[in-house]
Amino acid sequence: MATATADLLRLATAGSVDDGKSTLIGRLLLDSKAVLTDQLEHVEEASRRRGGGMVDLSLLVDGLRAEREQGITIDVAYRYFATVRRTFIIADTPGHVQYTRNMVTGASTADLAVILVDARKGVLEQSKRHAYISSLLGIRHLAVAVNKMDLVDHDEETFDAIVRDFSEFARGLDVRDIAYVPISALHGDNVVDRSERMPWYGGMPLLEHLESVDVARDRDAGDARFPVQWVIRDHATDYRGYAGQVAGGILRPGDEVVVLPSQTRTRIARLDTYDGPVEEAFAPMSVTVLLQDEVDVSRGDLICHPDHAPTLSREVEATVCWMADAPLRAGGRYAIKHATHAARALVDAVVDRVDVHTLAPDATAAELGLNEIGRVRLRTSKALAFDAYARNRLTGSFILIDEASNDTVGAGMIIAA
């Protein structure tokens, strides 16, 4: 049972297809006593119908019929569990290259990524791609779980070779720490409890590492950012408030603020919530901001402190993960969704494309294909108020939308104006 003081860790599983991500999460849920009896009975019965000799723990996570039929994860599955030390929200993301877009979605809010590697196959291209995307998304902690050690006779040299391979690749990643854990998700070795089959491993089991990794310093309050999502009017009482979710920093009544893009200055009169007024609001609180002056504020505007305002520009350079079959090229036109702001964007140039194996930029690239990553320059129809993604995830990210199909075709992390 979790204590009231247990803090929250958001984590995402990542890696290549069939590396055992869903089985690992099932093992974490089972061994941490987070599975209800009726759930376990249902999974045991489904496993028997399949003719398997062991309980298929991936069925605790893979909920779509197509996932169960094909034996792969397609959509992002979220699971929640808690220990005495910490509460967890897990995003089980797909490993198949076809569903890389779903992996980007699932990992976008994570504090830590668990990169699974099949001990028999080593570090594959998709393992590298997911690790690189995790780094791009601002995830500063990686746990590399070398799975299926039971299928290589729990061999220490196999584990060491994978650690050397991944460590060489990870030199180009912007992460704070990487932990390497040899596991067998199927049998529970080094997942929750230490394995007697691998006495040569002197580190912590995976769950113990997840309980102890320090992510508090990653959540810097930063500069105040409040994208306006909705304008609330009550003509009978002359009430006018601006509703949304705080994206950074702290807002207090009396604070001087500026509204972007109009650059109108005023002060905060009051902060309302569902439970009544509050004396301060911070990320990720949902609040309604009332201003002292009657100023023109609309959905998509951003309220912030004037001395620490974001960049206001129609020109943006960003790293883009491309998610569509049709390639991204210079001259392409898309709808862009940035925070609560909607506009149109023209692709000025594809600056380069990243080689997922070496992380080296290829400046000769003229386009980005499906699941490729590269730097792009955009020009927008209206000025956007944005930060670099490294400074603020919410005001530093955007999505590109195909206006004909309404499909999300690209996820962007802003570098600069």
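Computed over heavy atoms, backbone and side chain alike; hydrogens, waters and symmetry mates excluded.
No side-chain heavy atom of Leu11 sits under 4.5 Å from any side-chain heavy atom of Ile89. Between Ser262 and Asp301, the closest side-chain pair of non-hydrogen atoms is not below 4.5 Å. Between Leu206 and Asn190 there is no side-chain heavy-atom pair separated by less than 4.5 Å. The side-chain heavy atoms of Leu290 and Ile268, taken from C-beta on, include no pair separated by under 4.5 Å. At least one side-chain heavy atom of Val144 sits less than 4.5 Å from a side-chain heavy atom of Val117. The closest side-chain heavy-atom distance from Asp296 to Ser298 is below 4.5 Å. Looking at Tyr180 and Val146, their side chains never come closer than 4.5 Å, going by heavy atoms from C-beta outward. A 4.5 Å side-chain heavy-atom check between Leu312 and Phe386 finds every atom pair outside the cut-off.
Environment of CZ in Phe282: sparse, with no more than 12 heavy atoms of neighbouring residues, nucleotides or ligands closer than 6.0 Å. For Asp214, the CG atom counts as densely surrounded, since its 6.0 Å shell holds more than 12 non-hydrogen atoms of other residues, nucleotides or ligands. Counting non-hydrogen atoms of other residues, nucleotides and ligands closer than 6.0 Å to CD of Glu157 gives a total of 12 or fewer.
Using modelled atom types, no side-chain atom of Asp407 and backbone atom of Ile401 make a donor-acceptor pair closer than 3.5 Å. One N or O on the side chain of Arg393 and one on the backbone of Leu137 form a donor-acceptor pair closer than 3.5 Å. One N or O on the side chain of Thr340 and one on the backbone of Val228 form a donor-acceptor pair closer than 3.5 Å. No donor-acceptor pair closer than 3.5 Å links the side chain of Arg27 to the backbone N or O of Val191. Put simply, the side chain of Asp153 never gets that close to the backbone of Asp155: no donor and acceptor are under 3.5 Å apart. Counting only distance, with no hydrogens or angles, the side chain of Arg299 and the backbone of Gln229 share a donor-acceptor pair below 3.5 Å. In this structure a side-chain-to-backbone donor-acceptor pair under 3.5 Å is missing from Asp352 to Gly374. For the pair Lys128 (side chain) and His130 (backbone), a donor-acceptor distance under 3.5 Å is absent. Between the side chain of Ser212 and the backbone N or O of His209 there is at least one donor-acceptor pair closer than 3.5 Å.
Between Asp189 and Ser195, the closest heavy-atom pair is OD1-OG, 2.7 Å. Residues Ala243 and Ile232 share a closest heavy-atom pair of CB-CD1, 3.8 Å. The minimum heavy-atom distance linking Val354 with Tyr132 is given by the pair CG2-OH, 3.4 Å. Smallest separation of non-hydrogen atoms from Ile139 and Ala110: CG1-O, 3.5 Å. Between Arg391 and Arg225, the closest heavy-atom pair is NH2-NH2, 3.9 Å. Summarising the geometry of His338 relative to Thr395, their closest heavy-atom pair is NE2-O, 2.8 Å, with the distance given to 0.1 Å.
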Hey, mind stepping through Ile336 and Ile399 against side-chain contact (heavy atoms from CB on, under 4.5 Å) and telling me if it holds?
-> CA-CA 6 Å; Ile336 185 171; Ile399 59 173; over 6 Å; no

Would you please test Val215 and Arg86 for side-chain contact (heavy atoms from CB on, under 4.5 Å) and show each step?
-> CA-CA 12 Å; Val215 296; Arg86 181 166 264 173; 4.2 Å; yes

Check against side-chain contact (heavy atoms from CB on, under 4.5 Å), Tyr334 and Leu328 | CA-CA 10 Å; Tyr334 305 93; Leu328 173 72; 3.6 Å; yes

Stepwise side-chain contact (heavy atoms from CB on, under 4.5 Å) test for Ser184 and Lys148 = CA-CA 5 Å; Ser184 170; Lys148 305 186 181 182; over 6 Å; no

Dump the intermediate steps for salt bridge (Lys or Arg N to Asp or Glu O under 4.0 Å) on Glu256 and Arg265, then the final yes or no.
-> CA-CA 7 Å; Glu256 184 182 13; Arg265 294 198 179 204; 3.4 Å; yes

Give the intermediate values and the outcome of salt bridge (Lys or Arg N to Asp or Glu O under 4.0 Å) for residues Arg252 and Glu280.
-> CA-CA 5 Å; Arg252 297 183 178 91; Glu280 63 177 27; 3.2 Å; yes

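Relative orientation of the Phe88 and Phe81 rings is parallel, given thresholds of 30° and 60° on the angle between their planes.
The line from CZ of Arg333 to CG of Leu400 is 13.5 Å long, rounded to the nearest 0.5 Å. Between Gln245 atom CD and Met285 atom CE the span is 10.5 Å, to the nearest 0.5 Å. Taking CG from Leu378 and CG from Asp348, the interatomic distance works out to 7.5 Å, rounded to the nearest 0.5 Å. Taken from CZ in Arg129 to CG in Asn371, the straight-line distance is 5.5 Å, to the nearest 0.5 Å. How far CD1 of Ile414 is from CG of Asn392: 10.0 Å, rounded to the nearest 0.5 Å. Taking OG1 of Thr83 as the reference point, atom CG of Leu210 lies at 9.5 Å (rounded to 0.5 Å).
Checked by atom type, the side-chain pair Thr273/Asp275 shows no donor-acceptor distance below 3.5 Å. Judged by distance alone, the side chains of Thr311 and Ser313 never bring a donor and an acceptor atom under 3.5 Å apart. Under 3.5 Å, the side chains of Thr288 and Asp272 contain no donor-acceptor pair of N or O atoms. Checking Asp255 against His305 by side-chain atom types alone, a donor-acceptor pair falls below 3.5 Å.
Under a 4.0 Å N-O distance rule, the pair Arg10/Asp111 does not qualify as a salt bridge. Electrostatic pairing of Asp174 and Arg140 counts as a salt bridge here, judged by a charged N lying under 4.0 Å from a carboxylate O. Between Arg164 and Glu168 there is no salt bridge, since no side-chain nitrogen of the basic residue lies less than 4.0 Å from a carboxylate oxygen of the acidic one.
When each of Arg344, His341, Arg314 is checked for a side-chain contact (heavy atoms from CB on, under 4.5 Å) with Lys382, only His341 meets the rule.
Ring-centre distance between Tyr242 and Trp230: not below the 6.0 Å cut-off.
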